[in-house]
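Structure record follows, encoded as structure tokens.
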Number of protein chains: 2
Amino acid sequence: MAVATGLKIGDVAKQTGVAVGALRYYESLGLLSSERGDNGYRYYSPEAVHQVQFIKKAQALGFSLEDVGDVLNVHQRGDVPCGFVRSLLQDKIQQLETQIQQMMAFKADLEQYRDRWAESHPRPQPGDICPLIEAVPLTV
Amino acid sequence: MAVATGLKIGDVAKQTGVAVGALRYYESLGLLSSERGDNGYRYYSPEAVHQVQFIKKAQALGFSLEDVGDVLNVHQRGDVPCGFVRSLLQDKIQQLETQIQQMMAFKADLEQYRDRWAESHPRPQPGDICPLIEAVPLTV
DNA sequence: CTAGACTCTGTAGCAAACTAGAGGGTTTAG
DNA sequence: CTAAACCCTCTAGTTTGCTACAGAGTCTAG
């Protein structure tokens, strides 16, 4: 019987900070693959760690696991032409660009609001109440 | 009996593109308020439209409705000192700043990957398969 | 060799943010 | 005046991304 090698699921979990259950969930979505040992255990290559980190990173930036799967996993679904993948990548990049723009604008809004509000409340008194809702005429 | 005036829930829904059910849900979370007519209908001021747009905007940028509630709704919960609100706002701004940084880095990663991959596939043939997973050694 | 740690496959449950539908009243256009 | 279009409340279901068992096998340190 072939000796199973590689990282066990708990190792990957420790190295990535992602729960064992989550890793199995990723696999069920086809985002992560592993070899099975004779004992039925999953064994991972070291690259799996990077892949999990990639997933977490994309996720932290608002991509759904389905999105991540689009990017990572396309070629498993069959003979997909490269043009498709290219435009998909381009889409995600464009999406990020748009979001970055919006975030900067929104941040500017919040800053403006913070400063405007600081002016009208130069020295907040203890027990002072903040009329917040009325002061949020931020345009979209 | 006072004549009810203002926008009905369907009007707000139309003007914001947000479903009627979602608006009622926002109200249940205390993110949106309305007057009730003698008929029991909700009536909204025109500012409600802006508020809903604000909610959608914040939400699109990754804030939870609870976060939005923190920002919008604090003063309804009682006598909350201004310092709290200030630091809350400052937190959100800082959060945005961090996310913007991460997004730009991630975008750069994706672009680099796109270009690197374009090099190795200068003229994709029809039917060409994309070995995507192997090619994602993006570092975190 | 055995206790404890680790793994497996289920199934179930949770939180967020809604959507859908039942059952029933209200408004409004023609 | 009436039918269609709205609105109400309340309950239940959906999706996403997990976590938490239960019940059972595997591995490992002493």
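Numbers restart at 1 for each chain; the letters A, B, ... are given by sequence-line order, proteins then strands. In what follows, every heavy atom counts, from backbone to side chain, and hydrogens, waters and symmetry copies are set aside.
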Using atom [atom1] of [X] as one end and atom [atom2] of [N] as the other, report the distance to the nearest whole Å.
{"X": "L65(A)", "N": "dT15(D)", "atom1": "CG", "atom2": "C1'", "result": "12 Å"}
{"X": "Q59(A)", "N": "dT16(D)", "atom1": "CD", "atom2": "P", "result": "13 Å"}
{"X": "D67(B)", "N": "dA17(C)", "atom1": "CG", "atom2": "P", "result": "9 Å"}
{"X": "K56(B)", "N": "dA16(C)", "atom1": "NZ", "atom2": "C1'", "result": "12 Å"}
{"X": "L7(B)", "N": "dC6(D)", "atom1": "CG", "atom2": "C1'", "result": "15 Å"}
{"X": "L31(A)", "N": "dC18(D)", "atom1": "CG", "atom2": "P", "result": "10 Å"}
{"X": "L23(A)", "N": "dA20(D)", "atom1": "CG", "atom2": "P", "result": "14 Å"}

Checklist entry - When you look at Q94(B) and Q90(B), which way does the side-chain hydrogen bond (donor to acceptor under 3.5 Å, both in side chains) test go after all the steps? => result CA-CA 6 Å; Q94(B) 186 52 55; Q90(B) 194 54 56; 5.1 Å; no
Within a strict 4.5 Å, meaning less than it, do heavy atoms of the [X] and [Y] side chains meet?
{"X": "D11(A)", "Y": "Y43(A)", "result": "no"}
{"X": "Q99(B)", "Y": "L61(B)", "result": "no"}
{"X": "D70(B)", "Y": "F63(B)", "result": "no"}

Nearest to the side chain of [X] - [options]?
{"X": "I9(A)", "options": "dC7(D), dC8(C), dT16(D)", "value": "dC8(C)"}
{"X": "R42(B)", "options": "dC18(C), dT9(D), dC18(D)", "value": "dT9(D)"}
{"X": "Y25(B)", "options": "dA17(C), dC18(D), dT7(C)", "value": "dA17(C)"}

Return the polar atom pairs (N/O with N/O) between nucleotides 27-30 of chain D and the protein under 3.5 Å, or none.
from    : atom 1 : to     : atom 2 : distance (Å)
dC27(D) : OP1    : N39(A) : ND2    : 2.8

Next on the checklist: Checking side-chain polar atoms at under 3.5 Å, does S45(B) have a donor or acceptor matched by the opposite partner on E47(B)?
Outcome noted: yes
Next on the checklist: Less than 3.5 Å apart, any donor N or O on the side chain of K56(A) or Q59(A) sitting next to an acceptor on the other?
Outcome noted: yes
Next on the checklist: dC18(C), OP1 or OP2 - any side-chain N/O from Y26(B) closer than 4.0 Å?
Outcome noted: yes
Checklist entry - Taking everything shown except Q102(A) itself, do over 12 heavy atoms lie less than 6.0 Å from its CD? => result yes
Next on the checklist: Just to be sure I understand the rule, does R24(B) reach a base, reach only the sugar-phosphate, or reach nothing, if contact means heavy atoms closer than 4.0 Å?
Outcome noted: base
Item to check | Residue whose closest nucleotide on DNA chain C lies nearer the 5' end, E66(B) versus D11(A) | outcome: D11(A)
